[in-house]
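Read through the structure below, which is laid out as structure tokens, and then see the notes.
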Amino acid sequence: VGNVFVGILTTISILLIIYKGYLNSRDFLITTLAGAGGIGVAMFPTTPPCDTTRCIVVQLEALDVSTIHYLSALLMFGSLAVMCMVQFTKKAAAPTKAKLKRNKLYIANGILIIVSILSIFLIQQLASDVFLCESSIVLYLEWFALINFGCSWMVKGGLFLTD
């Protein structure tokens with residue numbers, strides 16, 4: 001499942017990089033940063049805490065890739081949270097009731113992305129390597145963060161909760 005996550009993350013990252021957004025807006029910058037961060041997360045995996053004989057893991061001997069991984073994750077998930085909570089919530093002069101509901105959803109999704117990433121940090125500091133390996137909690141929280149962004153993106157795109 002981890003390899004599937006990396007494949008999906010890479011695809012999403014490439015799509016975020018090529019997305020242009022509205023003309024003369026911050027959308028392009030934020031999505032490009034998120035996409036670049038996602039590529040960094042996928043290309044520079046952390047040092048795995050458990051047996052990876054069944055996984056495809058690339059490690060560079062002379063470089064602590066986990067630092068690059070964590071900085072990339074911060075860039076990606078931070079950018080996605082900003083997209084949800086700032087870009088998506090821009091208000092029109094007279095927002096409709098549906099727009100106000102959507103804004104609440106965007107903010108909630110952005111907060112859940114931040115909570116997911118902070119939870120990963122805390123769990124990695126407090127939990128044993130055995131727990132991290134056996135529970136796959138980090139993978140689940142990463143999925144949860146991406147799903148929250150996807151929900152906001154689909155609502156912003158007009159798939160749900162339209163006026």
Side-chain angles (χ1 to χ4, degrees), residues 1-22 25-88 105-106 108-125 127-160:
V1 175
N3 291 335
V4 172
F5 179 78
V6 170
I8 290 172
L9 180 63
T10 302
T11 303
I12 291 170
S13 298
I14 291 168
L15 293 173
L16 286 169
I17 290 170
I18 63 174
Y19 175 74
K20 301 297 182 208
Y22 297 106
S25 74
R26 289 180 283 193
D27 287 351
F28 178 72
L29 175 63
I30 295 170
T31 58
T32 301
L33 289 174
I39 296 291
V41 168
M43 298 304 293
F44 299 99
T46 60
T47 304
C50 54
D51 179 30
T52 59
T53 56
R54 295 174 291 153
C55 300
I56 300 169
V57 178
V58 177
Q59 295 290 323
L60 302 176
E61 297 287 333
L63 181 63
D64 181 12
V65 295
S66 62
T67 301
I68 298 170
H69 178 88
Y70 292 127
L71 290 173
S72 297
L74 182 63
L75 178 64
M76 179 186 75
F77 287 113
S79 297
L80 296 180
V82 166
M83 182 65 77
C84 291
M85 297 189 317
V86 177
Q87 290 300 104
F88 290 172
L105 176 86
Y106 301 143
N109 283 335
I111 290 170
L112 288 171
I113 291 168
I114 292 168
V115 167
S116 296
I117 301 312
L118 289 176
S119 297
I120 290 171
F121 174 75
L122 288 174
I123 289 168
Q124 287 184 326
Q125 300 304 311
S128 68
D129 287 348
V130 173
F131 173 79
L132 291 172
C133 185
E134 291 176 357
S135 68
S136 300
I137 188 72
V138 172
L139 180 64
Y140 292 132
L141 287 168
E142 290 170 333
W143 274 109
F144 184 71
L146 276 182
I147 288 167
N148 275 281
F149 176 71
C151 289
S152 284
W153 186 274
M154 288 187 290
V155 168
K156 183 64 177 172
L159 189 59
F160 304 111

- Item | Rounded distance (nearest 0.5 Å) linking atom CE of M83 with atom OH of Y19 | 7.0 Å

- Task: Under the ring pair (Phe, Tyr, Trp, His ring centres under 6.0 Å) rule, collect the residues that match up with F88, sequence neighbours excluded.
- Result: Y106

- Query: How long is the gap from CD1 on I113 to CD1 on I147, to the nearest 0.5 Å?
  - Reply: 11.0 Å

- Message: With rounding to the nearest 0.5 angstrom, report the CG to CH2 distance, N148 to W143.
- Response: 13.5 Å

- Message: Nearest 0.5 angstrom please: L71 CG to I68 CD1, how far?
- Response: 8.0 Å

- For F149 and L16, run side-chain contact (heavy atoms from CB on, under 4.5 Å): C-alpha distance rounded to whole Å, both residues' side-chain angles, the deciding distance at 0.1 Å, then the answer. CA-CA 12 Å; F149 176 71; L16 286 169; 4.3 Å; yes

- Task: Quick one: closest heavy-atom pair of I111 and M85, and the distance?
- Result: N-SD, 3.7 Å

- Least distance between heavy atoms, Q87 atom then I30 atom: CG-CD1, 3.5 Å

- How close do F144 and S116 get, heavy atom to heavy atom, and via which atoms? CD2-OG, 3.0 Å

- Taking all non-hydrogen atoms of both residues, which atom of A34 and which atom of S79 are closest, and how far apart? CB-CB, 3.6 Å

- Item | Nearest-0.5 Å distance that lies between atom CD1 in I17 and atom CZ in F28 | 9.0 Å

- Query: Can you name the residues that form a ring pair (Phe, Tyr, Trp, His ring centres under 6.0 Å) with F131, not counting sequence neighbours?
  - Reply: none

- Message: Could you measure the distance from the OG1 atom of T32 to the CD1 atom of I18? Nearest 0.5 Å is fine.
- Response: 10.5 Å

- Check each of V41, L33, L80 against L75 using the side-chain contact (heavy atoms from CB on, under 4.5 Å) test, and report the only one that passes. L33

- Would you please name every residue forming a side chain to side chain contact (heavy atoms under 4.5 Å, CB included) with S13, sequence neighbours left out? L9, I39

- Check step by step if side-chain contact (heavy atoms from CB on, under 4.5 Å) holds for I114 and F77. CA-CA 7 Å; I114 292 168; F77 287 113; over 6 Å; no

